[in-house]
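Notes for the one structure printed next.
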Amino acid sequence: MAAQVKYSEVEAGTELPAQTFSVTRDVLVRYAGASGDFNPIHWNEKFAREVGLPDVIAHGMFTMAEAIRVVTDWVGDPGAVVEYGVRFTKPVVVPNDGEGTTIEVSAKVAALLDDNRVRVDLTAVNDGKKVLGMARAVVQLV
């Protein structure tokens, strides 16, 4: 796969298509199985509350992975992401109501870099609050 976005057609401020991702308890259980992270704060409401959380919370790495999908869908190649980092600022609380919650992700090109690379800044919001801080990716374009 190769990136589909041309460096020459992008400028600082270019907004990527925003996306909303659904998060339910069954998604968390499947993610736990795939990742091997079976920490009970991600599936056991009683345990989560006992350790001071408001309810079960999504895995931080799951939240991070959902957010970068905005970038990989835009560029057309997950391998084009050469750097990615975030700070976890708030947990994504996932109620056991069959509906769960959502993570709303937007992103924009923040800077044009050397060698056909761009820095993309991401914003991930759940329940009106930013859940990722300093979310940035460096992407190799064609």
Could you go step by step and tell me if Leu53 and Phe47 meet the side chain to side chain contact (heavy atoms under 4.5 Å, CB included) rule?
-> CA-CA 9 Å; Leu53 295 168; Phe47 183 86; over 6 Å; no
Given the rule in the side chain to side chain contact (heavy atoms under 4.5 Å, CB included) test, do Val71 and Val139 qualify, once you have shown the distances and angles that lead to the verdict?
-> CA-CA 8 Å; Val71 177; Val139 183; 3.5 Å; yes
Evaluate the side chain to side chain contact (heavy atoms under 4.5 Å, CB included) criterion for residues Val142 and Val5: first the C-alpha distance (whole Å), next the side-chain angles of each, then the deciding distance (0.1 Å), finally the verdict.
-> CA-CA 6 Å; Val142 292; Val5 179; over 6 Å; no
Audit row: Val23, Phe62, side chain to side chain contact (heavy atoms under 4.5 Å, CB included) steps and yes/no | CA-CA 10 Å; Val23 187; Phe62 170 83; 3.8 Å; yes
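For the ring-ring contact (aromatic ring centres under 6.0 Å, His included) test, residues two or more places apart in sequence or in another chain that qualify with His42 are His59. In this structure, Asp73 has no salt bridge (Lys or Arg N to Asp or Glu O under 4.0 Å) partners at least two apart in sequence or on a different chain. Listed by chain and number, the residues in a side-chain hydrogen bond (donor to acceptor under 3.5 Å, both in side chains) with Asp55 are Arg25 (sequence neighbours excluded).
In the hydrophobic clustering (ILVMFWY side chains linked at under 4.5 Å, chained through shared members), Leu113 is joined by Val82, Val138.
Trp43 places a side-chain N or O within donor-acceptor distance of the main-chain N or O of Phe38, the cut-off being under 3.5 Å. A donor-acceptor distance shorter than 3.5 angstrom exists from the side chain of Gln4 to the backbone of Ala2, with no hydrogens or angles considered. Without hydrogens or angle criteria, Ser35 side chain to Tyr31 main chain gives a donor-acceptor distance under 3.5 Å.
Closest of all the heavy-atom pairs between Glu99 and Ser22 is O-OG, 4.4 Å. Heavy-atom minimum distance, Ala137 versus Ile68: CB-CD1, 3.8 Å. The two residues Val105 and Ala67 make their nearest non-hydrogen contact at CG1-O, 3.7 Å. Summarising the geometry of Lys108 relative to Leu16, their closest heavy-atom pair is CA-CD1, 4.0 Å, with the distance given to 0.1 Å. Nearest heavy atom pair, residue Ala12 against residue Ala110, reads CB-O, 4.0 Å.
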Hey, can you pull the donor-acceptor pairs under 3.5 Å for the side chains in residues 117-127, sequence neighbours left out?
residue: Arg117; atom: NE; partner: Gln140; partner atom: OE1; Å: 2.8
residue: Arg119; atom: NE; partner: Asp121; partner atom: OD1; Å: 2.9
residue: Arg119; atom: NH2; partner: Asp121; partner atom: OD1; Å: 3.3
residue: Arg119; atom: NH2; partner: Asp121; partner atom: OD2; Å: 2.9
residue: Asn126; atom: ND2; partner: Thr101; partner atom: OG1; Å: 2.7
residue: Asn126; atom: ND2; partner: Thr102; partner atom: O; Å: 2.7

What pairs of donor and acceptor atoms, side-chain ones from residues 83-94 against any protein atom, are under 3.5 angstrom apart with sequence neighbours left out?
residue: Tyr84; atom: OH; partner: Met64; partner atom: O; Å: 2.8
residue: Thr89; atom: OG1; partner: Lys130; partner atom: O; Å: 2.9
residue: Thr89; atom: OG1; partner: Val131; partner atom: O; Å: 3.3
residue: Thr89; atom: OG1; partner: Leu132; partner atom: N; Å: 3.4

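Once rounded to the nearest 0.5 Å, the distance linking OH of Tyr7 with CG of Leu141 reads 8.5 Å. Note that CD1 of Ile41 and CD1 of Ile57 are 4.0 Å apart. Values are rounded to the nearest 0.5 Å. The distance from the OG1 atom of Thr14 to the CG atom of Leu112 is 8.0 Å, given to the nearest 0.5 Å.
Proximity of Thr20 to Ile103: side-chain heavy atoms (C-beta onward) are nowhere separated by under 4.5 Å.
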